[in-house]
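Each remark here refers to the structure printed beneath this line.
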2 protein chains.
Amino acid sequence: MSTEDIKNKLTERGLKVTPQRMAILEAIYNLKNHPTAENIIDYIKKMHPNIATGTVYKVLGALVDNRLVKKVKTENDIMRYDGVMKSHHHLYCMESDVIKDYVDEELDELLQNYFAKKNLPGFKIEDIVLQVKGTFNK
Amino acid sequence: MSTEDIKNKLTERGLKVTPQRMAILEAIYNLKNHPTAENIIDYIKKMHPNIATGTVYKVLGALVDNRLVKKVKTENDIMRYDGVMKSHHHLYCMESDVIKDYVDEELDELLQNYFAKKNLPGFKIEDIVLQVKGTFNK
DNA sequence: CTCCTAAAAGAGAATGATTCTCATCTAAAT
DNA sequence: ATTTAGATGAGAATCATTCTCTTTTAGGAG
């Protein structure tokens, strides 16, 4: 994900291109495992050693509101952020609280077909996300 | 869910039967829509007007640790609690942040069969929870 | 290039859901 | 009845996150 790509993503959404926003998006795309705000701050502190924590949260909020980033949360951890906007599922380790993206188009299709036939009265489906809870082997 | 049933649930798990625990479990089973700690406190304040907030959180924690209650969390809301321990899915309204339980045994079987054939290297599955995101019609 | 404006950043205070601490109480076993 | 370990109470502490108000700045217009 080049600097130019990141810049385009911001302008496409009508967001101003600020150095802070560029850096935070770069962090999200480069860090693995759904970074927390703190992970992001650590990543960008080389270029932005004095960035305000409040600013990071504000930028993240703007990115989420404008659908460039998703929030990811489990029952036992603080908020994490995900730059993959395409619908995907999560493998969640109940021991370590680690979340792994799980992409499976066959499964997507299976679920889409299932709910196409299923009647959920009064509920309009926008997304279907599977959380597979288990444990990673050592 | 009778008082006796609630008492049995506690003793089965080796938990002491205290009035606070009885009241909190009753609240969870009787309140709808995955009550928050505050909902629970409001419910039991008639019988326990002075219960400490810290105690409620502690009791909830013990109930969760002993698998009598589940935590339920979304990206945009505080922690909620669920007394239905049997595996089930959630319909989540993205506008109102409301969570509805969704029980569907046919779907459970479909998913069990799917992942029985699927190879997830190094991951032992314990539970599969579907979150169907959408909006409730008015 | 300059000017202007609205949005964004900064610094640190505020918030509140939740956890912690330590003393007291009590459920339940004997 | 006594004892003990676990539970509760009261309020302080924690910390992830949001708020507030001032200053800065991106980007559009001329």
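In what follows, every chain begins at residue 1, and chains take the letters A, B, ... in the order their sequences are listed.
In this structure, a donor-acceptor pair under 3.5 Å is absent between the side chains of A:Asp5 and A:Tyr29. Side-chain contact of B:Tyr92 with A:Asp127: a donor-acceptor pair under 3.5 Å is absent, judged by distance alone.
In this structure, B:Ile78 atom CD1 and D:dT17 atom C1' are separated by 14 Å, rounded to whole Å. With rounding to whole Å, A:Asn76 atom CG is found 19 Å from C:dA17 atom P. Atom CD of A:Glu75 and atom C1' of D:dA16 are 18 Å apart (whole Å). Rounded to whole angstrom, the span from the NE2 atom of A:His48 across to the P atom of C:dA8 amounts to 16 Å. Whole-Å rounding puts the B:Leu15 CG to C:dA27 C1' distance at 12 Å. Taking atom CG of residue B:Leu63 and atom P of nucleotide C:dT18, one finds them 15 Å apart after rounding to whole Å. Taking atom CG of A:Asn50 as the reference point, atom P of D:dT24 lies 15 Å away to the nearest angstrom. Counting to the nearest Å, the C1' atom of D:dG9 and the CD1 atom of B:Ile51 are 9 Å from each other.
Remark: A:Thr18, A:Gln20, A:Arg21 in residues 17-43 of chain A come within less than 4.0 Å of DNA chain C through at least one heavy atom.
Each of B:His88, B:Lys32, B:His89 was compared with B:Asp101 under the side chain to side chain donor-acceptor pair (under 3.5 Å) criterion, and only B:His88 meets it.
Between B:Met79 and A:Lys16, the one whose closest nucleotide on DNA chain C sits nearer the 5' end is A:Lys16.
A cation-pi arrangement is present between A:Lys46 and A:Tyr43, with the terminal nitrogen or guanidinium carbon under 6.0 Å from the aromatic centre and inside a 45° cone about the axis.
Other residues, nucleotides and ligands contribute only 12 or fewer heavy atoms inside 6.0 Å of the CD atom of B:Gln112. The environment of A:Lys9 atom NZ is sparse: at most 12 non-hydrogen atoms of other residues, nucleotides or ligands sit within 6.0 angstrom.
Two end axes, each from the C1' atoms of five base pairs, can be drawn for the helix from C:dC1-D:dG30 to C:dT30-D:dA1; they diverge by 40°, to 10 degrees.
Put simply, CG on A:Leu130 and CZ on B:Phe115 are 5.0 Å apart, with the number rounded to the nearest 0.5 Å. Within the model, atoms CD1 of A:Ile128 and NZ of B:Lys133 stand 11.5 Å from one another, a figure rounded to the nearest 0.5 Å. Note: A:Met1 CE to A:Asn8 CG = 10.0 Å, rounded to the nearest 0.5 Å.
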Take A:Thr74 and B:Lys73 through the side-chain contact (heavy atoms from CB on, under 4.5 Å) test and state the conclusion after the steps. CA-CA 7 Å; A:Thr74 69; B:Lys73 185 76 175 70; over 6 Å; no
Between the protein and nucleotides 19-23 of chain C, list the N/O to N/O atom pairs that are separated by less than 3.5 angstrom.
unit_1	atom_1	unit_2	atom_2	d
C:dT21	O4	B:Lys58	NZ	3.3

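Judged purely by atom type and a 3.5 angstrom limit, B:Asn39 uses its side chain to pair as donor or acceptor with the backbone of B:Thr36.
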